[in-house]
Amino acid sequence: MRLAAVDLAAQAAGLFPGQSLADARALEPGVLVDDADPAGDLAALASFATWCSRYTPWTAVDGLESGGAGGLWLDITGCAHLFAPNESVQDKRGQGKWGRGERGEAALLDNLVRRFAAAGYTTRAGLADTPGAAWAAARFACPASGADFIVPPGKQHDVLAALPIAALRLPAETVAGLDRLGLRRIGDLTALPRASLARRFGEAVTRRLDQALGRIPEPLSPQPPMPSWRVCANFAEPLGEPASVAAAVHRLTEALCDRLATADRGARRLELALYRVGGGARIDTGGIGTDRVDTVAVGTSWASRDAGHLLRLINEQLDRLPETSPDSSASVEQAIEYLALTAVATEALPAAQTSYIGGAGPASDTTGLEQLIDRLAGRLGAGNVVRFENRESHLPERAQAAVPALGVTGRRAAPPPQSPRPTMPCPRPPRLLPRPEPIAAIAPVPDDPPVLFRWRRHSHRIVRAEGPERLAPEWWRRIPLAASPPGSHTRDYYRAEDGDGRRFWLYREGLYDSGEPPRWYLHGFFG
Amino acid sequence: MAIDDATLNRLRGRIAALEGAPLEGGGGKGHGVISFGLPAVDAHLPAGGLAGGCVHEIAGDSGSGSNSGSATAFAAALAGRAQRLHRPPVVWIAPRIGQRESLYGPGLAAFGLDPAALIVVRVPAHGRNGAAQALWAMEEALRTPAIGAVCAEIDAVDLTASRRLQLAAEAGDTFGLLLRGAGGGAVPPIASTTRWRVTAAPSGPTWPVALLGATRWRVDLLRARGGRPHHWLLEWRHDPNFETAGGFALAAAPGDRPVVPAAASVDDPPPERIAPLARAG
């Protein structure tokens, strides 16, 4: 087993990729080892490439390299000036069409390296006119990890000349072959006649050289852009009035629903981010003002692009934000200057036939139910809107499980009307106490129901009773009932009626012959 | 001065429209009427049953604070009838007690409420916030036409809130049941179409030993818009095999008790049980 990659600390301890694990352990007994996962690394790289679309839409994965590193391409043509500090935009305005040089590039690279560092990654950034030169600059000209190197415009030849030949992205054997001839720097290659170079070492050498120097173009194939279901609104005058915020959210929701409709998709989860003035900075301008961003998330139990429905869900949540609730006056600090509505999760939702004569057709019954569940779950919490499911258990409290109604109904659109089929033929009460409550009972031995019991300071004299129904503990469960005392858990259930006709479900836990006295519990109420 | 019948009927219709009550004998204006399936009770109610698009109030057994079973079962029975006569989904808004449910599906099924089409909404048990959430949830549910019936256990309802609920029920043409006073204690009067009080009643005699007979309720109709108060002694006859949903029945004097539970068979005979007999015969 060999090391595939080492971190900075391990590097400092003298470990290097390719070293055998035994050597590494001998060198540094405290080394922490984890299995290499190239597929996972690639997936992470792809997600980084997506993330880097904050800098430019044109991002691509370069691939994994030896030593566990990975490369990303960012074509920032036309993007760098967005990161330029304001004063430099003023100063350098006349400096050339594409704003090469300092105009924002350093700020962009600095921002990128800083953000990766904040996330715990070490990066080397290189920036140049051509992909090849940038590649070389990042790997060979960059002074240290966490730094960046910018090749000045048109100066790639000067910079590359001093770099080793490995900076040309050539196969290792070609590099070794050139090395044997004493060609160690790129400058050594450019000094040679092209024709003989191509003849002896193949066309790759001259191609890479030309690409790096910008003599022939090298296109990057960017990641297919993720369709982003995001709409946003920027306000020159920050919104303080809740009514105007609501109106803006309304517009955004409709815009998003229009886009979803074009793509035949519906939203399952939405996030609305409200950027407040007090946060000082918005995205991408250096400061990370996340503490002044309020996020509102809503989920739907099935994909929807009904603007009215989604808006109701969002408004439910908006009302909870203290600053946007209608009865508070928003201060300037809390005014909203930027709104972004994102459909985080979407699903295919084919277009539905609406009515011919204007307006939406009659909403189907199930849609009404789904939307109600969405609204209830959105405000009260998904765990508080439940359906009952039968479970395979003969213990009454285990025979029923409450499952969130949100999501379950998406698949099974309408609960089919079915005849009630209980799991047990024995009568069960419509109300069960959340936990069986101990009662003081007087009962004839051995198997008679109580004649009198006392529960919550009321005495009840039993006039009629049926039972017992004996329920043995579920011996196949490892964990005994939490509420049960040690010993016997057998329960004998009785239905009992007092003189007023009130009906109780009582049980005796334990048997008389087991030594300890049995306990009586009240478990439920019959109708 | 002679007034012809047409004029009289028109005037009656206008008064009824003003009162918001369904027209007598007019078929209830298209609202689904939840009948008891008992001619004696249904004939007494102006709508021929509990009018749909309305909120009805069921006061629990306020004698001791211990028993909400009777009112629960009665409400479940009515909601179950709404499921079959109206639309299946039923929303039940209940205060949250611990992490567990106090409603029990298998027991509700015995009173004809299908737990598979039941959605339980749990709201905080105490405090103004809990009541406000419960009222909001009930209003939302009542406004949803897809819902067959909405049951809510809310004590803190005032006149204004009950008017809102009534309007929501009219808007959604849904059937609302308010269970009140289940925890004991007096509750303020509210605007409801009918107001019932349900208390447990002792079982009828069984032979040869004292067993539990059919569930019995003393049902008081305390108030009915356009009707008169009354009281009945009702029984719930449920099919022990759960092949029919069961039904209400008048608790008869011992001598007149019918052998076959009349309500269960007359009510809505399940077609799948009749077909094989017809083929065999």
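Reminder, nothing fancy here: chain letters follow the sequence lines and each chain counts from 1.
- No side-chain heavy atom of Val120(B) sits less than 4.5 Å from a side-chain heavy atom of Arg387(A).
- With rounding to the nearest 0.5 angstrom, the CZ atom of Phe525(A) is 10.5 Å from the OG atom of Ser70(B).
- The two residues Ile119(B) and Ile373(A) make their nearest non-hydrogen contact at CD1-CD1, 3.7 Å.
- Scanning for side-chain contact (heavy atoms from CB on, under 4.5 Å) contacts around Glu316(A) gives Arg379(A), Trp136(B), with sequence neighbours left out.
- Most heavy-atom pairs under 4.5 Å with chain A: of the set Gly172(B), Pro124(B), Gly213(B), this distinction falls to Gly213(B).
- Closest approach of Gln400(A) and Pro106(B) over heavy atoms only: OE1-CD, 3.7 Å.
- When Gly105(B), Ala201(B), Pro202(B), Ala137(B) are compared by the number of non-hydrogen pairs under 4.5 Å with chain A, Pro202(B) comes out ahead.
- No more than 12 heavy atoms of other residues, nucleotides or ligands sit less than 6.0 Å from atom CZ of Arg164(B).
- Annotation: maximal heavy-atom pairing with chain A below 4.5 Å, among Val123(B), Ile147(B), Val91(B), Thr215(B), occurs at Thr215(B).
- Under 4.0 Å is where a charged nitrogen must lie from a carboxylate oxygen, and between Arg431(A) and Glu153(B) at least one such pair does.
- Contacts with chain B were tallied for Val463(A), Asp500(A), Val385(A); Asp500(A) has the most, counting heavy-atom pairs under 4.5 Å.
- Applying the side-chain contact (heavy atoms from CB on, under 4.5 Å) rule to Leu212(B) yields the partners Arg464(A), Glu466(A), Arg495(A), Glu497(A), Arg503(A); only residues at least two apart in sequence or on another chain are considered.
- Every side chain to side chain donor-acceptor pair (under 3.5 Å) that His250(A) has, sequence neighbours left out, goes to Glu254(A).
- When atom types are taken as modelled, the side chain of Arg375(A) and the backbone of Ala141(B) share no donor-acceptor pair closer than 3.5 angstrom.
- For residues 72-80 of chain B, heavy-atom neighbours of chain A at less than 4.5 Å comprise Thr72(B), Ala73(B), sorted by residue number.
- Remark: the backbone N or O of Pro396(A) is paired with a side-chain donor or acceptor of Tyr104(B) at under 3.5 angstrom.
- Rounding to the nearest 0.5 Å places CG of Asn384(A) at 8.0 Å from CD of Gln133(B).
- Here the CD1 atom belonging to Ile93(B) is positioned 9.0 Å from the CG atom belonging to Leu380(A), to the nearest 0.5 angstrom.
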